Amino acid sequence: MSTSYIQVLTTIDSPEKAAAIANTLLEKRLAACVQIVGPIQSHYWWQGRQEQSQEWLCLAKTRQELYQAVESAIRAVHPYQTPEILAVPILAGLPDYLAWINQEVSLAGSEAGG
């Protein structure tokens, strides 16, 4: 079963910045829910070197057609040069939960002006 819903993931270096991302997405009605998980330990390659850092993971539930707006909103408040911003399809879900996502982000157009 395929749906038009996605979960957008991003990581950030403090709980305060994670909350700022969550609040931005919620205020703009670009996500119905943003969960913050952390701290987590991230291990990665950056500019030819292995790095590790403590980060917080934001998981935003939204609709696929809002991805570009979600990405832009995250980039506007994210301090990383190349932030992790990934969209993962939600292949199936509780119909009532998916309807709730749809209802909350469908208000995005009506909230755009203010």
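A quick note: this is a predicted structure, and the numbers were derived from the prediction, not measured.
Considering only residues two or more places apart in sequence or on other chains, Pro79 meets the side chain to side chain contact (heavy atoms under 4.5 Å, CB included) condition with Ile12, Lys17. By the side chain to side chain contact (heavy atoms under 4.5 Å, CB included) test, Gln41 pairs with His43, Gln54, sequence neighbours left out. Remark: Gln64 engages Ile6 in a side chain to side chain contact (heavy atoms under 4.5 Å, CB included) (not counting sequence neighbours).
Trp46 and Ile85 fall into different hydrophobic clusters, where Ile, Leu, Val, Met, Phe, Trp and Tyr side chains are chained together by heavy-atom contacts under 4.5 Å. The cluster map of Ile, Leu, Val, Met, Phe, Trp and Tyr, joined by side-chain heavy atoms under 4.5 Å apart, puts Leu25 and Leu86 in different clusters.
Nearest heavy atom pair, residue Trp56 against residue Ala18, reads CB-CB, 4.0 Å. Taking every heavy atom of both residues into account, Leu98 and Gly93 meet most closely at CD1-O, 3.7 Å. In terms of heavy atoms, Ala31 sits closest to Leu26 at O-CD2, 3.3 Å.
Pairs engaging residues 31-50 under the salt bridge (charged side-chain N to carboxylate O under 4.0 Å, His left out) rule: Arg49-Glu51 [sequence neighbours left out]. Listed by first then second residue, pairs satisfying salt bridge (charged side-chain N to carboxylate O under 4.0 Å, His left out) with a partner in residues 65-78 read Arg63-Glu65, not counting sequence neighbours.
One distance of note links NZ of Lys61 with CD1 of Ile90; it measures 7.0 Å at 0.5 Å rounding. Residue Gln47 holds its CD atom at 8.0 Å from OG1 of Thr82, rounded to the nearest 0.5 Å. Note that CD1 of Ile74 and CD of Glu84 are 10.0 Å apart. Values are rounded to the nearest 0.5 Å.
Residues Thr62 and Tyr67 fail the side-chain proximity criterion, which asks for heavy atoms closer than 4.5 Å. Taking the side chain as every heavy atom from C-beta outward, Leu30 and Val8 never approach each other to under 4.5 Å.
Taking the six-membered ring where tryptophan is involved, the planes of His78 and Tyr80 are perpendicular, since the angle between them exceeds 60° and thus also 30°.
Other residues sharing a hydrophobic cluster with Leu59 under the 4.5 Å side-chain heavy-atom criterion for ILVMFWY residues are Leu9, Val37, Ile40, Leu57, Val88.
Residues Tyr44 and Glu55 have side chains that never bring a donor and an acceptor to within less than 3.5 angstrom of each other.
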